[in-house]
Enquirer: 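Before anything else, here's the structure in question.
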Amino acid sequence: MLLFVGLGNPGRGRALGVNTVKFTGEVLKNVKKAIYEINMKKILKKEGATVGLANGILLADGKQIYTTENLKVGLFK
């Protein structure tokens, strides 16, 4: 989201979809630090909306537990 805003694209974010999500663990109460890493692949600008395509992972205390492919997020005015 910050990337969209940093490019001068104001609006409200909305999840539009994801192709693949793989789980290899859980975020439990004892997890001290969760880190989301998003790798933006493409940003599409259309009239009134901006759509971002990305892959991502979630690290729980340094251990990768979720992976995603082709996240799709939109910003709408």
Side-chain angles (χ1 to χ4, degrees):
M1 288 303 224
L2 293 176
L3 178 62
F4 289 153
V5 174
L7 291 174
N9 299 306
R12 293 189 176 260
R14 187 175 309 146
L16 301 176
V18 62
N19 280 3
T20 305
V21 179
K22 293 182 182 176
F23 302 96
T24 56
E26 300 179 70
V27 178
L28 301 172
K29 289 181 183 181
N30 62 335
V31 170
K32 294 185 181 359
K33 188 173 187 179
I35 299 173
Y36 294 88
E37 292 183 6
I38 305 296
N39 178 20
M40 295 299 297
K41 298 189 310 180
K42 189 182 285 190
I43 297 176
L44 306 168
K45 293 183 182 183
K46 297 183 180 182
E47 291 182 32
T50 302
V51 176
L53 303 173
N55 293 335
I57 63 170
L58 170 60
L59 302 167
D61 289 337
K63 180 181 176 189
Q64 183 174 306
I65 59 170
Y66 299 169
T67 60
T68 62
E69 292 180 8
N70 297 317
L71 295 164
K72 193 182 297 183
V73 176
L75 276 181
F76 300 92
K77 292 181 182 179

Enquirer: Going through the distances and angles, do M40 and I38 end up as a side chain to side chain contact (heavy atoms under 4.5 Å, CB included)?
Expert: CA-CA 6 Å; M40 295 299 297; I38 305 296; 4.0 Å; yes

Enquirer: Has the side chain of N55 got a donor or acceptor atom that lies under 3.5 Å from a matching backbone atom of N70?
Expert: yes

Enquirer: Does atom NZ of K22 have more than 12 heavy-atom neighbours from other groups under 6.0 Å away?
Expert: no

Enquirer: Could you give the distance from OH (Y66) to CD (E37), rounded to the nearest 0.5 Å?
Expert: 15.5 Å

Enquirer: Without swapping roles, check the side chain of T24 against the backbone of I65 for a donor-acceptor pair under 3.5 Å.
Expert: yes

Enquirer: What is the minimum heavy-atom distance between V31 and A60, and which atoms define it?
Expert: CG1-CB, 3.9 Å

Enquirer: If we only count heavy atoms from C-beta on, is the I43 to T50 side-chain gap below 4.5 Å?
Expert: yes

Enquirer: Starting from I35, can I reach F23 by hopping between I/L/V/M/F/W/Y residues whose side chains sit under 4.5 Å apart?
Expert: no

Enquirer: I want to check something: taking the side chain as every heavy atom from C-beta on, are V18 and K72 in contact at a cut-off of under 4.5 Å?
Expert: no

Enquirer: With rounding to the nearest 0.5 Å, note down the distance linking CD in Q64 to CD1 in I57.
Expert: 4.5 Å

Enquirer: As an exercise, state the distance from OG1 of T20 to CD of E69, rounded to the nearest 0.5 Å.
Expert: 4.5 Å

Enquirer: Using the side-chain contact (heavy atoms from CB on, under 4.5 Å) rule, pick out the option among L58, L59, T68 that qualifies with Y36.
Expert: L58

